[in-house]
Amino acid sequence: MSDLTQLEYSRAQSTTTDGTSSDEARGLIMTVAQAADDRKAVDIVLLRVSEVCFLADYFAIVTGFSNVQVRAISQAIADQVEEEWQRLPLRTQGLSDASWVVMDYGDAIIHILKPQEREFYNLEAFWGHAERIDFSPTP
């Protein structure tokens, strides 16, 4: 089977990267955004990247203003996703330094960055061709 055919086959067999439904992945990323907002994260950007890459279906990119806040946002996301979706992250990287924490849920990857790192790496521009998902925090 050629590489292109293999990629097409893989995509046809699964609507998301880890076998969950697209609606579930969208619900998960909305839970992530709400948990981040609850911990006062700012500039929350949700991207649907499933059409432009095979890493995940959704990315969340959020800003925290200190190492303590970045860790708190990460913990709030982990707790809320576990409570609502009974899922733990497959991997979490960056907690020791806490200037950029990445949480991988398979179908959703969450980036929690301090302002300097977010400006430097500019993930929104890198993934600018992905669809932005509207998020309005609930009071």
Legend entry - Value rounded to 0.5 Å, distance of CZ in Arg71 from OG in Ser96: 7.5 Å
Inset, instruction - Enter the distance from Leu47:CG to His129:NE2 here, rounded to the nearest 0.5 Å. - result: 9.5 Å
At their closest point, which heavy atom of [X] faces which heavy atom of [Y], and how far apart are they?
{"X": "Ser74", "Y": "Leu95", "value": "OG-CD2, 3.8 Å"}
{"X": "Val49", "Y": "Ala56", "value": "CG2-O, 3.4 Å"}
{"X": "Val62", "Y": "Ile73", "value": "CG2-CG2, 4.3 Å"}
{"X": "Gln69", "Y": "Ala41", "value": "NE2-N, 3.9 Å"}
{"X": "Ala78", "Y": "Tyr105", "value": "CA-OH, 3.4 Å"}
{"X": "Met30", "Y": "Leu46", "value": "SD-CD1, 3.6 Å"}

[X] vs [Y] side-chain heavy atoms within contact, under 4.5 Å:
{"X": "Met103", "Y": "Ile77", "result": "yes"}
{"X": "Asp37", "Y": "Phe135", "result": "yes"}
{"X": "Leu28", "Y": "Asp107", "result": "yes"}
{"X": "Thr92", "Y": "Val102", "result": "no"}
{"X": "Trp127", "Y": "Val52", "result": "yes"}

Starting from [Y], can I reach [X] by hopping between I/L/V/M/F/W/Y residues whose side chains sit under 4.5 Å apart?
{"X": "Val68", "Y": "Trp100", "answer": "no"}
{"X": "Val42", "Y": "Ile110", "answer": "no"}
{"X": "Ile109", "Y": "Tyr121", "answer": "yes"}

Legend entry - Atom CD of Glu131 with >12 non-hydrogen neighbours under 6.0 angstrom: yes
Inset, instruction - Verify the neighbour count for atom CD of Glu119: are there more than 12 heavy atoms of other residues, nucleotides or ligands below 6.0 Å? - result: no
Inset, instruction - Carefully, step by step, assess Phe59 and Leu123 under the rule side chain to side chain contact (heavy atoms under 4.5 Å, CB included). - result: CA-CA 10 Å; Phe59 281 178; Leu123 296 176; over 6 Å; no
Legend entry - Check against salt bridge (Lys or Arg N to Asp or Glu O under 4.0 Å), Arg118 and Glu124: CA-CA 9 Å; Arg118 185 158 180 179; Glu124 293 93 331; 2.2 Å; yes
Legend entry - Worked verdict on Val32 versus Val81 for side chain to side chain contact (heavy atoms under 4.5 Å, CB included): CA-CA 7 Å; Val32 164; Val81 169; 3.8 Å; yes
Legend entry - Arg48 backbone acceptor or donor facing Arg26 side chain under 3.5 Å: no
Inset, instruction - For the pair Asp57 (side chain) and Ala108 (backbone), establish whether a donor and an acceptor sit closer than 3.5 Å, ignoring hydrogens and angles. - result: no
Legend entry - Residues Lys40, Phe65; criterion side chain to side chain contact (heavy atoms under 4.5 Å, CB included); working and verdict: CA-CA 9 Å; Lys40 309 297 185 218; Phe65 291 103; over 6 Å; no
Legend entry - Stepwise side chain to side chain contact (heavy atoms under 4.5 Å, CB included) check, Thr63 with Ile112: CA-CA 6 Å; Thr63 299; Ile112 310 162; over 6 Å; no
Legend entry - Passing candidate, side-chain contact (heavy atoms from CB on, under 4.5 Å) with Val70, options Lys114, Gln75, Glu117, Arg39: Lys114
Inset, instruction - For Gln80 and Glu84, test the side chains for any donor-to-acceptor distance below 3.5 angstrom and give the result as yes or no. - result: yes
